[in-house]
Every structure is written in C-alpha cells, then in structure tokens.
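To start, the structure itself, in structure tokens.
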Amino acid sequence: MNYKQEIAKQLAGVIDFLSADEIEAILEVPKDRGMGDFAFPCFRLAKNLRKAPPMIAQDLLEAFHAEAPISKVEAVGGYLNFTLDKAGFVKGVLEAVMEQGEKYGSKDLGQGKNVVIDYSAPNIAKPFHVGHLRSTVIGNALYKIYGFEGYNPIGVNHLGDWGKQFGMLIAAYKHWGDDKALEEEPIKALLDLYVKIHAELDEHPEYEEEGRAWFKALEDGDEEAQRLWKWFVDLSLVEFNRIYDMLGVSFDHFTGESFYNDKMEAVVEEIKEKNLLVESEGAYVVDLGEEMPPCIILKRDGATIYATRDITAALYRKKTFDFEKCIYITDYAQDLHFQQWFKVVKLMGYDWADDLMHESFGRVSTEQGKLQTRKGNVILLDDLLNQSIGKVQAIIDERNPNLEDKEEVAKAVGIGAVIFNDLSNNKIRDIVFNWERMLSFDGETGPYVQYTHARACSVLRKSGETAYAENLDYNQLMDPASLEVVQELATFPDVVEQAMLRNEPSLITRKIVLIAQRFNKFYHDCPILVDDEVLKGTRLALVRAVKTVLATGLDLLGIQAPEKM
RNA sequence: GUUCUCGUAGCUCAGUAGGAUAGAGCGACCGCCUCCUAAGCGGUAGGUCGGAGGUUCGACUCCUCUCGGGAACGCCA
C-alpha cells in the first residue's frame, strides 16, 4: 500500500479546491521523524483561504477524521502532521521485503524496453588508469539499475580502436617491434612503441608521413596493416577483459569506432541530401545557429571525424535496438560535442534525438595535477586494485586470520572499496585522487556496508531455526532504533527509481550507507539472539530484511556482498 | 572573450519540486568488547551555506550581478 496516496485521499475530503493528486504532491516527510511520518504544509493555502497557516492547520485538524493507517494527526505551526500506525507500517515493509526478496526495490518501470548504455570505451594500446574507471563503473551500475527496473539494458563498449594513431603504431612496430615483449606485456609494449615514435619525431619528421601512410593503408584494406591492427586490438582486449573480469563488468557489444567505418558514407550522404551540409573553411559542417558552434562532419582532407562516427553509431543503434533511451557516459569535457551532434540528429528529422542522453561526470586528477600518461602522472587501475586488495588482506590477517576463502574475500572487499568510492558522490563532481582517502575503510565506505552485511549474515547463521519463526510480533519493533531501520528500508524502492531517472548511482550508495548506519545502531542497542522466541524471531526478520536490501544495493552498484569478512 | 559547471564544518561530501532548529563521514578529543564480527557504537568541539542584490509568507535551493576553482569553444576522441 502507498501510505502517501492514502493520506492524500483522506485529506482531499476536507480540502475542496485540491485534488488527491495535488495534495500528494505537496505532502512531505518531516525532517524530524518524531514529528510524524508525513506532513502537509499549509502555507500555500494561505492565499486561497486568506488565513494564517497555523489557523488553517488547526481548522483542517478539526474537520479531519483520521482512518487507518493514520494513527495520529497534529497541527504544529503551519503544518498538519500525520503519524501512521507503526506496527502496520513495519509489518507492511518487512513482509514486502520477505515476499519480494532480491526483487525488493524494483518497480518494474521498464517493461522490457531497450536502453542502450555506452560506457568505458578505452583507447586500444593505452593503459587503463583511474581516469577510465569512472565511465566503466558508472555505466555498469546504470546497466544493473535499468535491468533491475525491468528494462532490457544493452551495454556497448565503444572502443577507441581506430584513427591515425594506429598508423603511427604500425610504423613504430615496423621499426622497433618486439614480438616477445608484445606477447608478455602487451599494453606496456604498445605504449612504449607509441611513446618512442612520438619522441623520435623531432629527429625523424618522416615518421609522421609513415604513420599517415600506414593508416591510409589500413583504411584501404591493406593486408599487413589490417593484420597488425587486428593483432594490437586483440592484445589490448585480452588486457582489458582481465580488468573487466576483476571489476565484474560486462558488455553486450564491443562495437568500437572501426565498426562504423563502412557505415559513415551513407550517413554523410543523408546529411547532404537533407541540405544540412555546408562548406566552411574547407571542411563540411552542419550549421547549428547562434547557440552552438557548427558541427564538423568532414574534415578539410575529406576524412570523417568523431561526430560523424557518433551520429552513424546512433543511427545504427536506433535501427538495431529501437532503444527508448541511449545513454552516453563520458566526462564533461565532451558536453559540447554531444550537444552538437544530438542537434544534428534532430535536424536530420529524427525525433528520437530527444532520447539520446549524455550523462557526464567529473574529471579525475591528482594533487600533482592532471593525469597524463606521457608525463608519468598516472595511477594504473591495476596498481590501485592491488593496493586496495593488499590492504584488505592485511586487515583480515590481523582481525580474522581463520577466515576461509581469504583471497576471494579480499578481492571482493578491496575492489568493492574502489568501486564504492567512485560511486559515492554526485557523478558531476571532480575527484582529486588521494591514496589515503582511497584506502580508508572506515565510515561511509564500501567495506563498511559489506561489513554490515556480513554482520547480519553472521547473526542469521547463528540463529538456527528461529530465523524463520512464524509467530512474529511487530509491536516488538517499536523502539526508535528498530523503527528507523524500517523507515530506511521503506523508501529504498523510491531511491532506486530516482537513481535511474537521474542516472545517478550515488543515490543508492548513500541509501545503503544510511541503512547500514541505522542497522549498526540497532545491532548495538537491541540484542537479537535472545531467549524470548517471538522477540528473537521478529528481530531476525528485520535482520534478514536488512541483509537482503544491502545485498541488492551493493549488487546494483556492481559490488559483491561476501557473507563473511 | 563567450558558454557550461562547481563553491555548504579543518578535510571529503549529502541536502529531494523552495518549507519546521542546515546533516553525515574523516580528522581531533573523550568513552564502550565477561555479550550476536570493534572494518562497529556513543559523546564533545567545529557553519555569516563564496559575496551582494532580488522574487517569495518562507531561499543552501529560483533570478541577476560578482569573486574563486575546473572545463569546453572547428578539422584528436
């Protein structure tokens, strides 16, 4: 049952000029839950009624006849506060979690509709560092959240697997390539080649031309160029897949930039036919009027550019997947670029351009400044994950040396800490990377939530049969600590919905921290494994509900929930 | 220069469609394991919500201006 709707319905009986829906929109949750479960602010009625808000509240109170589930109504200042029948509320929430289990929290909003999510998209032949982590984990979380809400999410990795740099790479390989090094440490060897040829450009400017020629050969289908390119891509993918495995991230399609090579000509043709393409300074662009600079479609040399490729990919995806939304996860440096080509798609006459969404996130830097691969100011994801796992291992050895599956748990917690950290604030915020902060496992962190989950599991494990006792008395959960846990569980579905609508996984991160905090307080205040069978069974029901919701929340973020740690 | 974005406690951040006394975590200080995992719990200290106007019964929230950080602004992606 929806309590808010119910209250709105009852209130509508005494306010003739507002509908139940309008009232529902005005109803809010008091900051101080001691005031009640819902509050109706009377301020905005003051004009219509030409009365002071406190008087309106008083009058409404007198006219109002509360029915279940409302147990108490009070007028406080300009507010009319409603208190629900607590036992009924607790029962409703806990039974919902029990019945729905790991589905609790989903409103099944998607109805099986397709949503394309474009995330990660690393550049082939470059190392995977913390800067690439964000798109990957945000995209993965959204993938899970949309799936949980009943959509059919389609995860696409738009790999940076094409462009002039591959010509340079092939040229470098022809000069200094070392097959053994490439097989052993592919990314490092590829990066070395890339760095070396750029370093040599001053003395050997002809390398520039060699690279250009090799890329031309690649585009023209030259057999050797194709073979080497494919080899480099495959080498990189092995490495990337190893990292995706560690992170627990997966994709439905690895359609990179190269995938669209043979599809762009038709799109350029279409833009031209629709009279959108104009010549400008030797290039061909689509004019976007006053508000934005023009969008380049063909460079002066006639070659396509990333906007062309993105438009082509969007048209392909619409045709292939008939998506309801297509979401791109990149940092905000690309904001203008996306606005521009979204507009082009719109000008091409496609109304579904409105379904293209660019969800941008903040940039990562270190205290030394920008992350720059060439200047060596990078934090490799491998190092980060290994440091984190190592620290978790040390903690386990110290506090829980007899834990079985130590390695597995250390990985789950260490990697979980990194993912959780990345998803804990609004995604638009910039991040200044800091090792100490990163590897702190106290307070609002992944390990804290995982620990809380493991704690709940531990109690359930020790409870024996009573975990499934049938005689429950929800009146036993009327103490503040228990009640506050239930209140947080109650709004979990709304938070998941909001996280999806706003494409903001951090809402879920914050929510599960809050649930964990409430639970730890409850755990501290209320002994669970007591002699009184009914009390024990009832409290265990609460523990089980918390365990379920924490596990769901962590899963939606792409984080594991070990039963012991 | 133009546009976008961020500015809340020493630090990192929440703050829902404007609403009741602005909240967490970390760090600091003080407490709590004969008891279900102390990666935990409690307490103390810490704020002119960058600044100035405006709209409103009411502004951290909306508008204008301003200061400071970050970013984008045609042939890289």
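Protein chains get the first letters and strands the later ones, always in sequence-line order, with residue 1 at the start of each.
- Nearest to the side chain of Asp430(A), among rG70(B), rU12(B), rU37(B), sits rG70(B).
- Across all strands shown, Leu159(A) has no heavy atoms under 4.0 Å from either base or sugar-phosphate atoms.
- Distance from the side chain of Lys564(A) is smallest for rU37(B) among the nucleotides rA39(B), rG40(B), rU37(B).
- Here the nucleotide nearest the side chain of Val459(A), chosen from rA39(B), rA77(B), rU37(B), is rU37(B).
- Put simply, Arg502(A) has no side-chain N or O that comes within less than 4.0 Å of OP1 or OP2 on rU16(B).
- In this entry rC29(B) has rG43(B) as its Watson-Crick or G-U wobble partner, both defining distances falling under 3.5 Å.
- Listed pair Asn426(A) / rG15(B) meets the phosphate criterion, a side-chain N or O lying under 4.0 Å from OP1 or OP2.
- Ile528(A) has its CD1 atom 16 Å from the P atom of rC35(B), to the nearest Å.
- Nucleotide rC65(B) forms a Watson-Crick or G-U wobble pair with rG51(B), both donor-acceptor distances falling under 3.5 Å.
- The glycosidic torsion of rC33(B) lies within 90° of 0, which places this base in the syn conformation.
- For RNA chain B, the neighbouring residues in residues 293-306 of chain A, judged by any heavy atom under 4.0 Å, are Pro293(A), Ile296(A), Lys299(A), Arg300(A), Ile305(A), Tyr306(A).
- Using the Watson-Crick or G-U wobble rule with both distances under 3.5 Å, rG1(B) pairs with rC73(B).
- Computed from coordinates, the Lys4(A) NZ to rU16(B) P distance equals 14 Å when rounded to whole Å.
- Neither OP1 nor OP2 of rC26(B) sits under 4.0 Å from any side-chain N or O of Tyr448(A).
- Centroid-to-centroid, the aromatic rings of Tyr306(A) and His158(A) stay 6.0 Å apart or farther.
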Please write out the pairs of protein N or O atoms and N or O atoms of nucleotides 4-7 of chain B separated by less than 3.5 Å, giving the distance to one decimal.
none

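- Using a 4.0 Å heavy-atom distance criterion, Gln517(A) is classed as a sugar-phosphate-only contact.
- Distance Tyr523(A) OH to rC32(B) P: 19 Å, rounded to the nearest Å.
- For Asn81(A) and rA20(B), a side-chain-to-base donor-acceptor distance below 3.5 Å is present, hydrogens and geometry of angles not being considered.
- Candidate nucleotides rA38(B), rA14(B), rA20(B) were compared by shortest atom distance to the side chain of Asn425(A), and rA14(B) ranks first.
- You'll find the ring centres of Phe259(A) and Tyr316(A) inside the 6.0 Å limit.
- Here rA77(B) presents its P atom at 15 Å from CD1 of Ile124(A), a figure rounded to the nearest Å.
- Among rA20(B), rA72(B), rU37(B), the nucleotide with an atom closest to any side-chain atom of Arg455(A) is rU37(B).
- Cation-pi contact between Lys4(A) and Phe38(A): absent, since separation from the ring centre below 6.0 Å together with deviation from the ring axis within 45° is not met.
- Between Lys126(A) and the phosphate of rA77(B), there is no side-chain N or O to OP1/OP2 separation shorter than 4.0 Å.
- Residue contacts for Pro41(A): at a heavy-atom cut-off of 4.0 Å it reaches no nucleic acid atom on any strand shown.
- To the nearest angstrom, P of rA14(B) lies 10 Å from CG of Leu507(A).
- To the nearest angstrom, C1' of rU16(B) lies 17 Å from CE of Met500(A).
- Taking 3.5 Å as the limit, the base of rG74(B) and the side chain of Ser280(A) contain a donor-acceptor pair of atoms between them.
- The interatomic distance linking Asp525(A) (CG) with rC33(B) (C1') rounds to 15 Å, in whole Å.
- Within 4.0 Å (heavy atoms only), Pro53(A) reaches no atom of the nucleic acid at all.
- Taking for each of Phe441(A) and Pro527(A) the nucleotide of RNA chain B with the nearest heavy atom, the 5'-most of the two is the partner of Pro527(A).
- A sub-4.0 Å separation between OP1 or OP2 of rU37(B) and a side-chain N or O of Lys462(A) is present.
- Residue Leu288(A) contributes atom CG, which lies 13 Å from atom C1' of rC73(B) at whole-angstrom precision.
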